[in-house]
6 protein chains.
Amino acid sequence: MLEKNVQTFIACDCEYDEAKIVMFGAPFDSTTSFRPGTRFASQAMRSESFGIETFSVYQMKDMLDIKVFDSGDLELPFGSPERALDDIRERTATILGDGKIPCMIGGEHLVTLGAVRACAEKYPDLHVIQFDAHADLREDYLGVKLSHACVMRRCQEILGDGKIFQFGIRSADKSEVEFVMQEHTSLNLFDFRTLREVAGYLGNAPVYFTLDMDVLDPSEFPGTGTPEAGGVHFDELLDAIEVLSELNIVGFDMNELSPAYDPSGRSTALACKTMREMLLRFYR
Amino acid sequence: MLEKNVQTFIACDCEYDEAKIVMFGAPFDSTTSFRPGTRFASQAMRSESFGIETFSVYQMKDMLDIKVFDSGDLELPFGSPERALDDIRERTATILGDGKIPCMIGGEHLVTLGAVRACAEKYPDLHVIQFDAHADLREDYLGVKLSHACVMRRCQEILGDGKIFQFGIRSADKSEVEFVMQEHTSLNLFDFRTLREVAGYLGNAPVYFTLDMDVLDPSEFPGTGTPEAGGVHFDELLDAIEVLSELNIVGFDMNELSPAYDPSGRSTALACKTMREMLLRFYR
Amino acid sequence: MLEKNVQTFIACDCEYDEAKIVMFGAPFDSTTSFRPGTRFASQAMRSESFGIETFSVYQMKDMLDIKVFDSGDLELPFGSPERALDDIRERTATILGDGKIPCMIGGEHLVTLGAVRACAEKYPDLHVIQFDAHADLREDYLGVKLSHACVMRRCQEILGDGKIFQFGIRSADKSEVEFVMQEHTSLNLFDFRTLREVAGYLGNAPVYFTLDMDVLDPSEFPGTGTPEAGGVHFDELLDAIEVLSELNIVGFDMNELSPAYDPSGRSTALACKTMREMLLRFYR
Amino acid sequence: MLEKNVQTFIACDCEYDEAKIVMFGAPFDSTTSFRPGTRFASQAMRSESFGIETFSVYQMKDMLDIKVFDSGDLELPFGSPERALDDIRERTATILGDGKIPCMIGGEHLVTLGAVRACAEKYPDLHVIQFDAHADLREDYLGVKLSHACVMRRCQEILGDGKIFQFGIRSADKSEVEFVMQEHTSLNLFDFRTLREVAGYLGNAPVYFTLDMDVLDPSEFPGTGTPEAGGVHFDELLDAIEVLSELNIVGFDMNELSPAYDPSGRSTALACKTMREMLLRFYR
Amino acid sequence: MLEKNVQTFIACDCEYDEAKIVMFGAPFDSTTSFRPGTRFASQAMRSESFGIETFSVYQMKDMLDIKVFDSGDLELPFGSPERALDDIRERTATILGDGKIPCMIGGEHLVTLGAVRACAEKYPDLHVIQFDAHADLREDYLGVKLSHACVMRRCQEILGDGKIFQFGIRSADKSEVEFVMQEHTSLNLFDFRTLREVAGYLGNAPVYFTLDMDVLDPSEFPGTGTPEAGGVHFDELLDAIEVLSELNIVGFDMNELSPAYDPSGRSTALACKTMREMLLRFYR
Amino acid sequence: MLEKNVQTFIACDCEYDEAKIVMFGAPFDSTTSFRPGTRFASQAMRSESFGIETFSVYQMKDMLDIKVFDSGDLELPFGSPERALDDIRERTATILGDGKIPCMIGGEHLVTLGAVRACAEKYPDLHVIQFDAHADLREDYLGVKLSHACVMRRCQEILGDGKIFQFGIRSADKSEVEFVMQEHTSLNLFDFRTLREVAGYLGNAPVYFTLDMDVLDPSEFPGTGTPEAGGVHFDELLDAIEVLSELNIVGFDMNELSPAYDPSGRSTALACKTMREMLLRFYR
């Protein structure tokens, strides 16, 4: 008898009960102000993940030796950010409630707000580490508060001052820089130079890690809606992820991959490889 | 002294006061459920319109002899359909209030709702003629009522039964067909065969015409988010527009051009040519 | 508890036991002589099938009311045609053995040979109806006998003279025309004019139907490796499929969709829509 | 000992002396006002011609049975139209001088002027048949007289009134229509309806045939710089070429293929197929 | 009353009288020998500039605080380099005559000649700094002297020896290297190592700065006609522009962006960001 | 009298007898497991090579001063790896037999096996240096032994242990790492750090050099089927080739360029430039 066709990110096909990390997709991009398309990221990553090895020569470890469960994509209502965020919060809470680590694939960066809401409920002392080209700290965008351009401002409202650490930022408007000057968040321009220091400061505190892939230089990662020249390199990103692996990562996401803007497919391939390295690093 | 750089659709550069038709763009696609991108349509049409002639060999008329004003694009908040519709209604009402005919370039099909709201206020007996591949008659889409897939249902709620005439439809779900069976709208499958008869019936009633470009066969118009094989041909569309020119068109729009899906650029070129023919036909 | 992510062609998700038609993908294109890429067809169709409705306004029927099972893709060894054909034959035989109708998504046209081998074992009087732009009747191609360009010649060797009916052909070399002149197959140039007559002749004989999508005009179906101008139109294809629905179709396939050659995505969308119409027509 | 790599259009590899038709490429597009790229046409056609058969099922004839010589591309100086036209005239004159028929692959339509100059020298009574979407009859374009938009006006100046027959035209400006009204050329809008009549009128007069591929509908031939909706179909073009084969064709060209605008490659494939049909038809 | 649609590069919308820098586009690419398309650069940059911030975190300055006027594009005759250069010279002279700094967006590199002609008239001691992958020092190209490949040679003829400083060059033919050996220009291979020294030497002399964007590595800037591996990086370019800001820049241009060769859009985005940094640096 | 159209890689047009290096193309990609397309590499490189200079500013040498013969492409049967390898072996043996150095342009990496077979026959002590992102050391791939993923394993079986030196590798599965641990090959992860040492060890031994272009970072070389982030840079590759030029290179190849995955064309341009540098370095 023939089997149903189960599709997961490569090697993320254990049973739910035995999984320590649970992946899901959040294909939502309705507030994207420039060029939409991140809704296709999770599906593309599942397909393309079979073009990489399960084995990492960087860590000499194999995905076949860890337990990750891919629970597929949420079906999110385009045009309704609040409802989409509710669905994301609920899925995240379910995973956290079962004692597992949620791993979300966006979608635009706004989706992070749903996951942070769930994590902050469980971990009142939650900190956030953000790798990103853009500060995402606006009070509103064209009058809208639930926008990708405001997502970290909304997170700051939940978590309070001094809880958000931003790295790789190279684009912000004047109001965002002023907001940072008031020490609401810790913003580190251009690179990861101060990451190790921050990691030491955080110690064992619960950390949510949000990786906006446009932190990478567009030469290495063109498949994103708002490419910002002057970004970090893949090797620097891998090193930074290694530093993060010493922290208490209670949830993480990868967002802003927009496959259609990269006909070479290498952005999706790089995203898959980065996901493999994160899963192997953050698994415990 | 050098001049500022004014950009309009070709030959739509008269002064506002003398214009009889006023064009504007409504670059909004947040509720698009499949493949977004129509937000780029109005801007692409302005640029590419300079690749066509102002003169029409179909009508032996010249755009240089009519008065159309292009008022540019609205700046619409992505992710907030209700606010976007308000802005569209307001712009439409302004144009109507000045005794001119509004001509909107979408955007996804939902934008039509904003214009219809304004027109129905001024013309209580408003009728709508829709050319489209999809019925757009759902009660809701994933629980959302302000969605491109529901736009004609929302219009029907405003206008009442028997006011909407749909042509070229070749995709609908069972619930939409049942809705039509109850005679809420008049749905004509596949082509324009019954158009002349409908035109006769409408006589001098005020008519809003909404042209979803995916009514065309995707072979001729690939640049759209949800291509549906089996559509009408360009020559049939021109003939149908000629029939409409006998009616009392009080407003009209063109929507669902998504330039990025057509690297040949011919969809945008066809949209520009169709716009020229409509402007020449509907001008009085 | 979260569920595994099952992915199928839209609405083909019943249980295997209750299915009457069983779909599978055969992603193989190693012998493609011009431009490869059909290996991506089945995966693309599964993803994109969610852009069409389950309901058909052509037949006023719904996929939700029939039972089809999508068993996913075979994992075929690139570069080894004989082994790939064995795997295809085995899957086809399994489905036939369970009293169900196999529906294969190629892949290059060579994959049809695997399915025909299995069908001919069960049905010694098997006939084949082929819609195609190319005759595919060469004795060999650069010395290779298992090539897409020879697939109907290989089928003819199994089935004997007078069993293969070819429609829509508009490209052949001199040797193929000579082969046809010897009445080994029945070749109908350009269109489906003689289809109804052939259908009458076939009566209740077991028929395998192979649909090379390049039978369509490249304007409507650009996403294929060897586009041949002068093809049939979508509406003609739908009519022809309606004629076929009166026959005893014991198996069928769709092949030669190469999604990457069509950035508009309309070829994949058309393939999905055609598949829906075939499933609704051939289901009994 | 290994041979040098000779590259020609398929089956155009006889010796120069025995050839009756001599092909050459004129890769020039410097005056293109909208979207350049036709310079790549001849090279693309040579490569892609190996994707079609040498045999035509339309004529049941084989390219292997006729003698055509492909002499490669001219090396034309971009930005210097007058010098480019001189080179084209010279090559054309050489071929005519050897008693052979020149077949040029453009390039933008301006290249036709070079060939017509050479033909008119040899044949004082030369007529021109033009298939095109655009009249190309402007006096000048932004003050430039040697522009693709003026090429037929320049030809008219050489040949005199009543010698040019234009078919398929669906774009012109007011000044061009007025020029035609004065009976300088014979302009036939939209299609080939009057072609047979014109052919009868021309009898045995020497005719240069220039085929601007944008005469085809952009759905069938998207690979061109200025796509104009509402064009003729491939089958109509083949029929028209058959009509032309009764005339005394002393030279011909195909121009305005711009391969990069058609990622599906079907425009180049169609151009190759049309070239094959023309070579088989015009060969005597 | 509705306003006309004024389109400028982001934040370059002050009144002409108050502007210190005046931008214009020179969309010309007729002599491009390899792959044309730079004619679309200025228009693309205006559209895409709204995807970047007006604020620079590199300089902590805001475009909103400086006065730049965008005067739109020249309408240049394709195929007539001499006339195009005249138009460019005239526009440049107008801006210089009003005491403002001209900032031109090409087009192919030949356009620089028009601007240098105007600047050299006003500033007899004009020097030129060129960032470029190619030396552009040929005597002629296929016999043509007004070609992008010769533009610096033509500038040298105007300015004399020792006035042109070339950086980042990694492609030249033998004749160009020999020309440099005779000390007609100062050519610095591969990078900006000697830039600071040259800046010291130039002191307060009037300098025209021409930035051929292909000086960047094609990984970071793929959107150009003749990509040359081994280029400089964006951060190096920003540093070099900072060095230039100490000089007396009397005019500058950016050229050779060809948007269509970069479907990711990041080349245009990088060009916009570089333009913002230059405007903020060169403004005084 | 007009000449036939000979097409070669730029400046590789001497007579066969005087050539010291003989180039040929091996357009084969049937075993490609992920994304095919390398079959188009050699043809694309010939066309695009005319976009680079024959002169190298890196070596201050000119291709016009060396003797290379381009013998065109083999016509290889798709789907039949063994026969394709035979044809490659034969062509390589012919060139070696005439005392010349073979230079092959792939195709997928499997083609290297054919050339290595011929070289190992002539040079029993043959060593191989491989630049690659992938180890290509699998015993089989889906049961197939003649696969691109196994090519170095097959070479190792011919040459024995300690003869293959791999550089730049950053992807392998567990079995390949174990194979390397047994010292069958010398695998150097990520870069060329140990290359100079290996070169010293090899001394004057005969060396076949195989360059899989995916050793480069995908940011610089996106045009390949299986992009692997974290690769070497172009400048590092040029330096490594300079080191190799001190060795006794008896044959070499470049493979895995897949032009269609890079619409910017810079991958093909980089491949051409690298080929020029290799020809100038390895020529003696």
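Side chains are part of it too, since the values below use all heavy atoms of this structure and drop only hydrogens, waters and symmetry mates. Each chain gets a letter, A, B and so on, in the order the sequences are listed, and its residues count up from 1.
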Engineer: Does E:Arg266 reach the main-chain N or O of A:Pro218 with its side chain, forming a donor-acceptor pair under 3.5 Å?
Structural biologist: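 Here the side-chain-to-backbone pair exists.
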Engineer: Do you know which of E:Leu64, E:Asp235, E:Asp62 has the most heavy-atom pairs with chain A at a distance under 4.5 angstrom?
Structural biologist: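 Most heavy-atom pairs within the cutoff with chain A belong to E:Asp62.
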Engineer: Among A:Asp217, A:Asp173, A:Val177, which residue has the highest count of heavy-atom pairs closer than 4.5 Å to chain E?
Structural biologist: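 Sorted descending by pairs with chain E, the first entry is A:Asp173.
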Engineer: If you count every heavy atom of other residues, nucleotides or ligands that lies below 6.0 Å from E:Glu18 atom CD, does the total exceed 12?
Structural biologist: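 Above 12, so yes.
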Engineer: Ion pair present between A:Glu228 and E:Arg276, side-chain N to carboxylate O less than 4.0 angstrom?
Structural biologist: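 Here A:Glu228 does not pair with E:Arg276 in a salt bridge, since their nearest N and O are not under 4.0 Å apart.
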Engineer: Find out whether A:Lys174 and E:Met60 are in side-chain contact, i.e. whether some heavy atom of one side chain is under 4.5 Å from a heavy atom of the other.
Structural biologist: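 Not touching, per the 4.5 Å side-chain cut-off.
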Engineer: Please report the C-alpha distance between E:Val57 and A:Leu189 in whole Å, then the side-chain angles of each, then the deciding distance to 0.1 Å, and finally whether the side-chain contact (heavy atoms from CB on, under 4.5 Å) criterion is met.
Structural biologist: CA-CA 8 Å; E:Val57 297; A:Leu189 285 173; 4.1 Å; yes
Engineer: Would you call E:Tyr58 and A:Arg170 a side-chain contact if the rule is heavy atoms closer than 4.5 Å?
Structural biologist: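 Touching, per the 4.5 Å side-chain cut-off.
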Engineer: What distance do A:Ser175 atom OG and E:Phe55 atom CZ have between them, rounded to the nearest 0.5 Å?
Structural biologist: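 The OG atom of A:Ser175 sits 9.5 Å away from the CZ atom of E:Phe55.
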Engineer: If you count heavy-atom pairs under 4.5 Å between each of E:Glu220, E:Lys273, E:His233 and chain A, which one has the most?
Structural biologist: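 When all of E:Glu220, E:Lys273, E:His233 are compared, E:Lys273 has the most.
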Engineer: Inspect the surroundings of CD in E:Glu3 and state if more than 12 heavy atoms from other residues, nucleotides or ligands are less than 6.0 Å away.
Structural biologist: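 12 or below, so no.
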Engineer: Which heavy-atom pair separates E:Ser264 from A:Pro227 by the least distance, and what is that distance?
Structural biologist: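 Residues E:Ser264 and A:Pro227, closest heavy atoms: O-CG, 4.5 Å.
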Engineer: Around atom CZ of E:Arg193, are there more than 12 heavy atoms of other residues, nucleotides or ligands at under 6.0 Å?
Structural biologist: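 Counting neighbours around CZ of E:Arg193, 12 or fewer heavy atoms of other residues, nucleotides or ligands fall under 6.0 Å, so no.
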Engineer: So which of A:Pro263, A:Gly230, A:Ser258, A:Ala172 has the largest heavy-atom pair count under 4.5 angstrom toward chain E?
Structural biologist: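 Most heavy-atom pairs under 4.5 Å with chain E: A:Ala172.
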Engineer: So which atom in A:Ala229 and which in E:Leu270 form the shortest heavy-atom distance, rounded to 0.1 Å?
Structural biologist: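 Looking at all heavy atoms of both residues, the shortest contact is CB-CD1, 3.6 Å.
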Engineer: Got a sec: does the CD of A:Glu82 have more than 12 other heavy atoms crowding it under 6.0 Å?
Structural biologist: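 More than 12 heavy atoms, drawn from other residues, nucleotides or ligands, come within 6.0 Å of this atom.
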